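In this text the structure is predicted, and so the values were computed from the model without any measurement. Just so it is clear: chains get the letters A, B, ... in the order the sequence lines come, proteins before strands, and each one is counted from 1.
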Amino acid sequence: MEKLVYLDNNATTKVDHAVVEAMMKYFTEDYGNPSSIYTHGQRAREAVENARKRVAKILNCEQRDVFFTGSGTESDNIAIKGVARKYKNKGNHIITSSIEHHAVLKSVEYLAKEGFIYDIVKVNEDGIIDIDHLKSLIKPETILISVMYANNETGAIQPIEDIGKIAKEKGIYFHTDAVQGVGKLTLDVKKLNVDMLSLSGHKFHAPKGVGILYKRTGINPIPLFHGGHHELNVRPSTENVPYIVGIAEALNIAYRDIEKHRERQMKLKERLKKGLIKNIDNILLNTPEKSVFNTLNVSFIGIEGESILFTLDESGIAISTGSACTSGSLEPSHVIKAMGRNHATCHGSVRFSLSKYTTEEEIDFTIDKVKSTVEKIRKISPYK
Amino acid sequence: MYNQIVMNHFRNPHNVGKMENPSGVGKVGNPQCGDEMVIYIKVENNVIVDVTFETFGCVAAIASSSVTTDLIKGKTIEEALALSNKEVADKLGGLPLIKIHCSVLAEDGIKAAIEDYRKREAEKKNEQKI
């Protein structure tokens with residue numbers, strides 16, 4: 001087996017050793033239940049509240065507005081279902097976009113079964129949402145808008161501040177799935193004008209199975225679970241102390257070194273982009289200028305993504321594709337499709353997503369292997 | 001996800017490419033996923049003496065194309081028409097459930113190529129009559 005070249009960091013990331021280190025003692029030493037009032041339990045409580053404080057600082061919000069959950073999906077579900085159900089007497093209309101993660105789209109679709117109606121905002125060919133279209137969809141019954149911060153497939157950054165302003169003027173709750181923005185863009189919730197924001201630990205070098213939901217004081221979503229008084233009833237479940245410590249540590253690291261990472265990864269992404277364009281004909285960029293610095297999505301015209309994925313896998317390179325063949329549903333990427341690309345282009349889309357561990361050597365190796373892979377598969381294709 | 005037989009056919013597919021002066025060409029697409037396959041056959045005395053393919057599709061689609069060309073080379077038209085997608089999948093040692101439709105595409109490709117061959121033959125006969 002060759003060395004792993006991991007370029008699928010929008011799918012998940014390696015846990016930072018410093019994060020593991022910070023977590024360890026809460027498994028075997030300070031393993032008390034934070035709800036227990038003796039000293040052993042209170043040490044765990046202190047760790048949870050300290051983590052909340054660290055997160056609140058980065059989000060520029062009150063500590064009481066930070067909630068720890070089990071995942072980004074769970075955060076999205078609490079925000080969307082919880083708020084819609086709570087405020088259904090105010091209206092039953094929800095707006096979201098055509099490029100959302102399924103955690104948002106499927107939640108909104110599910111609410112239609114409960115009598116809610118929804119509209120989907122279009123995106124332009126760069127995969128950025130059309131603000132005028134969004135404005136035109138607002139009705140007196142609109143209670144919630146949910147638009148992601150940065151798209152997971154293309155990296156396209158969405159105009160969250162502007163949407164937030166519009167929502168505020170109209171008195172509509174605004175949620176953003178900010179899972180792909182962490183460590184790349186500001187998470188200052190005041191600057192972003194958001195009422196709610198979702199994060200997922202494993203996308204920024206914390207473990208899988210822990211997420212964060214920010215919600216402004218005064219918004220009271222109906223919880224998905226019912227149980228104890230944990231997390232102010234928003235998310236009953238005994239707090240996952242080590243993971244909560246881990247996600248706070250990872251978030252802290254991501255913002256402590258953000259400038260360094262931005263500069264390094266922007267250079268690497270540019271090197272990858274230029275290398276691919278120089279060496280391979282008939283490439284279509286699916287990532288716009290206005291995108292997060294770690295993501296590059298391209299379509300190789302005339303060939304299909306899964307065959308590219310498996311050929312690169314044989315060289316130890318891990319990437320992902322929007323091809324229908326890997327979706328499980330035989331539908332190609334709804335994101336690339338929403339940008340107006342034809343079926344074959346969606347089918348041949350490949351996403352490279354970098355991290356702080358990506359090296360220049362890995363990028364050069366990848367350019368080389370992608371070149372030979374595309375040449376090989378194009379020979380088999382009827383479209384040359 | 002895929003077994004070694006499938007991966008070997010994908011890595012080194014047999015009978016790839018466009019054919020000069022084929023006796024029949026079958027062009028099929030899979031409406032389910034968007035894969036496309038072109039099969040070229042050369043027929044002499046009712047026997048498929050040569051067959052090649054070009055495929056736009058996933059690992060399973062390429063492997064199915066490759067193994068199908070192996071299966072029908074040297075066969076009579078009637079034998080080739082009897083080929084089923086199950087034989088294609090079996091010869092590959094099985095495909096993941098969601099990829100079975102790729103073997104159907106290969107079966108359809110062969111049938112389309114034979115149909116084209118028969119059409120061309122019928123046209124030739126008609127021309128001779130005139």
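- Counting only residues at least two apart or on different chains, the salt bridge (charged side-chain N to carboxylate O under 4.0 Å, His left out) pairs with a member in residues 334-352 of chain A are A:D8-A:R351, A:E331-A:K337.
- Taking a 6.0 Å sphere around CD of A:E125, one finds it holds 12 or fewer heavy atoms contributed by other residues, nucleotides or ligands.
- For B:K42, the NZ atom is densely surrounded, since the number of other residues' heavy atoms within 6.0 Å is greater than 12.
- Only the side chain of B:M1 comes within less than 4.5 Å of a heavy atom of chain A; its backbone N, CA, C and O stay farther away.
- By the neighbour-count criterion of 12 heavy atoms within 6.0 Å, atom NZ of B:K27 is sparsely surrounded, having that number or fewer from other residues, nucleotides or ligands.
- For residues 52-66 of chain B, a heavy-atom distance under 4.5 Å to chain A picks out B:F53, B:E54, B:T55, B:F56, B:G57, B:C58, B:V59, B:A60, B:I62, given by residue number.
- With a threshold of 4.5 angstrom between heavy atoms, A:K376 approaches chain B through side-chain atoms but not through N, CA, C or O.
- Residues A:E306 and B:K99 form a side-chain contact, since some pair of their non-hydrogen atoms from C-beta on lies under 4.5 Å apart.
- Proximity to chain A among residues 72-86 of chain B is not found for any residue, judged by heavy-atom separations below 4.5 angstrom.
- Dense packing is recorded around CD of A:E109, with more than 12 heavy atoms of other residues, nucleotides or ligands lying under 6.0 Å away.
- For the set A:S307, A:G348, A:C346, A:G305, the count of heavy-atom pairs under 4.5 angstrom toward chain B peaks at A:S307.
- For OH of A:Y357, the number of neighbouring non-hydrogen atoms (other residues, nucleotides, ligands) closer than 6.0 Å is greater than 12.
- Chain A is approached within less than 4.5 Å, heavy atom to heavy atom, by B:R11, B:P13, B:V16 from residues 11-24 of chain B, ordered by number.
- Both the backbone and the side chain of A:T311 come within contact range of chain B, judged by heavy atoms closer than 4.5 Å.
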